[in-house]
Asks: 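Questions regarding the structure given below will be posed in turn.
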There are 2 protein chains.
Amino acid sequence: MQLHKRDVIEAATAILDNYGIADLTMRRLARELDVSPGALYWHFTSKQQLLGAVADRILSPVCAESDIGHWSDRISRVGVRLRDALRSHTDGAELVAASFAAGQSQAAAEILVRLTAAVTDAGIETGQAVLAARTVWYYVLGFTVDEQARLQWDAAGASAVPPAADPDRDFAVGLRLLIDGLTVRASYNAPVS
Amino acid sequence: MQLHKRDVIEAATAILDNYGIADLTMRRLARELDVSPGALYWHFTSKQQLLGAVADRILSPVCAESDIGHWSDRISRVGVRLRDALRSHTDGAELVAASFAAGQSQAAAEILVRLTAAVTDAGIETGQAVLAARTVWYYVLGFTVDEQARLQWDAAGASAVPPAADPDRDFAVGLRLLIDGLTVRASYNAPVS
DNA sequence: ACCTGAACACCGTTCAAGT
DNA sequence: ACCTGAACACCGTTCAAGT
């Protein structure tokens, strides 16, 4: 049976979900697929590129989402769906953050474009819109990396920091803070009515 | 000559500055200190703990900073000083982000406390203040990780994404966005005058 | 108390050689 | 075109034994 990119990404996602990012190694992945480690390098030029493909798979439900309505609803929706997508895979936020930093996730770039469009519709000028969109991105990724890290602490039996009572509400607080900030910024650029 | 924690942290910082986080390994560090790798485990229980100590060293100038003035100035100042501290070491942001996620940086926790105090002084209730402080933290770390990652791309000769013309100004935009958001949130809690 | 030496169980990546 | 086998140059961590 021939090895295909899709099979590799699927197997990698399975390891991630079941064992976490620390166990997602090229050798372990090859073993799971019953091939030699070198075989993976026929299909991917590096581990980073492979992880980028996994990141794109994780983010695909966010990209598939419709993008209509008021700008603030669009930002909220992307934020919430993004966090959901990350949380549906063990260490999903960490993997996506790493792939984004390495410039290996096309889907991450696409989500940033959509956030930028929503910010622009709020009435922020283009130059600042990209920066504001990134701020939202950093927030969602940072919050979720943190959230998933705390899960590991609990699993490891570290009861020093108790888990948040209502993480969904906590997440919404920061998101609203950003949207409030955008509303203020936009009002400076608004035409005098 | 006896090996002390301080020497180890100093040597680790030197490797970080000169070669980056990828080269900051326990074995490499031991070689540089002319000891066997096992010797490091007498002074530190794990690599994560050692990196946490390096993170604390990187963040120490931020903790030493005075903390007076209007709440918004205090947040700006911590943000700017934090970014400066991270940027004065190769991969500084990545190292601190990792140590924070692992719960190994005491200095990071202290900075978060200071940010929370500033947010509280803005007139935000305690529960939300911690969340808002974290939002600022995620922003500064996310922005700077990104900024330092782009430096590596340039060094590697990837001219696809041109470097930002004025990163200091770009950084200020996101910071002001957050402060504007805090002002709005605070006004809801403000006593009717 | 502090450190060495050596081992254990791994890594990512490359590449001649096979089919 | 696609993959194997084997190597290269590494990792973090542990622990008996030395001083």
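Numbered from 1 within each chain, the chains take letters A, B, ... in sequence-line order.
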Asks: Which value, in whole Å, describes the distance between the P atoms of nucleotides dA9(C) and dA9(D)?
Replies: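 The same atom, P, in both gives a distance of 24 Å.
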Asks: Test your reading of the model: is there a side-chain donor-acceptor pair from Ser187(B) to the backbone of Val184(B), 3.5 Å cut-off?
Replies: yes
Asks: May I ask you to evaluate whether Gln2(A) reaches the phosphate of dC3(D), defined as a side-chain N or O under 4.0 Å from OP1 or OP2?
Replies: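 For dC3(D), OP1 or OP2 has a side-chain N or O of Gln2(A) closer than 4.0 Å.
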Asks: Start with the C-alpha distance between Arg83(A) and Asp168(A), add both sets of side-chain angles, then the distance that settles salt bridge (Lys or Arg N to Asp or Glu O under 4.0 Å), and finish with yes or no.
Replies: CA-CA 10 Å; Arg83(A) 172 166 168 263; Asp168(A) 290 2; 3.0 Å; yes
Asks: Starting at the 5' end of nucleotides 8-19 of chain C, put B wherever the base has a protein heavy atom under 4.0 Å, S where only the sugar-phosphate does, and a dash everywhere else.
Replies: ---BBBBB----
Asks: Going through the checks in order, is the side chain to side chain donor-acceptor pair (under 3.5 Å) test met by Thr90(A) and Asp17(A)?
Replies: CA-CA 5 Å; Thr90(A) 311; Asp17(A) 291 350; 5.0 Å; no
Asks: Kindly determine whether Trp137(B) and Leu82(B) satisfy side chain to side chain contact (heavy atoms under 4.5 Å, CB included), including the steps that lead there.
Replies: CA-CA 9 Å; Trp137(B) 173 264; Leu82(B) 176 52; 3.7 Å; yes
Asks: Specify the separation, in whole Å, of atom CH2 of Trp42(B) and atom C1' of dG5(C).
Replies: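 Distance, rounded to whole Å: 17 Å.
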Asks: Nearest-Å distance, NZ (Lys5(A)) to P (dA1(D))?
Replies: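 Answer to the nearest Å: 15 Å.
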Asks: With a 3.5 angstrom cut-off on both distances, give the Watson-Crick or G-U wobble partner of dC10(D), or none if there isn't one.
Replies: none
Asks: Take atom CG of Leu40(A) and atom P of dG5(D), then tell me their distance rounded to the nearest Å.
Replies: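 Value for this atom pair: 14 Å.
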Asks: Is there a side-chain contact between His43(B) and the phosphate of dC3(C), meaning an N or O under 4.0 Å from OP1 or OP2?
Replies: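 Yes, His43(B) has a side-chain N/O under 4.0 Å of OP1/OP2 on dC3(C).
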Asks: Just name whichever nucleotide pairs with dG5(D), Watson-Crick or G-U, keeping both distances under 3.5 Å, else none.
Replies: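 Result: dC15(C).
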Asks: Could you check how far CZ of Phe44(A) sits from C1' of dC2(D), rounded to whole Å?
Replies: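 That distance rounds to 14 Å.
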Asks: Find out whether the Lys NZ or Arg CZ of Arg28(A) is both under 6.0 angstrom from the six-membered ring centre of Tyr19(A) and within 45° of the ring's axis.
Replies: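 Yes, Arg28(A) and Tyr19(A) form such a contact.
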Asks: Answer whether the closest heavy-atom distance between the side chains of Arg134(A) and Leu115(A) falls below 4.5 Å.
Replies: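 Heavy-atom side-chain distance check fails, nothing below 4.5 Å.
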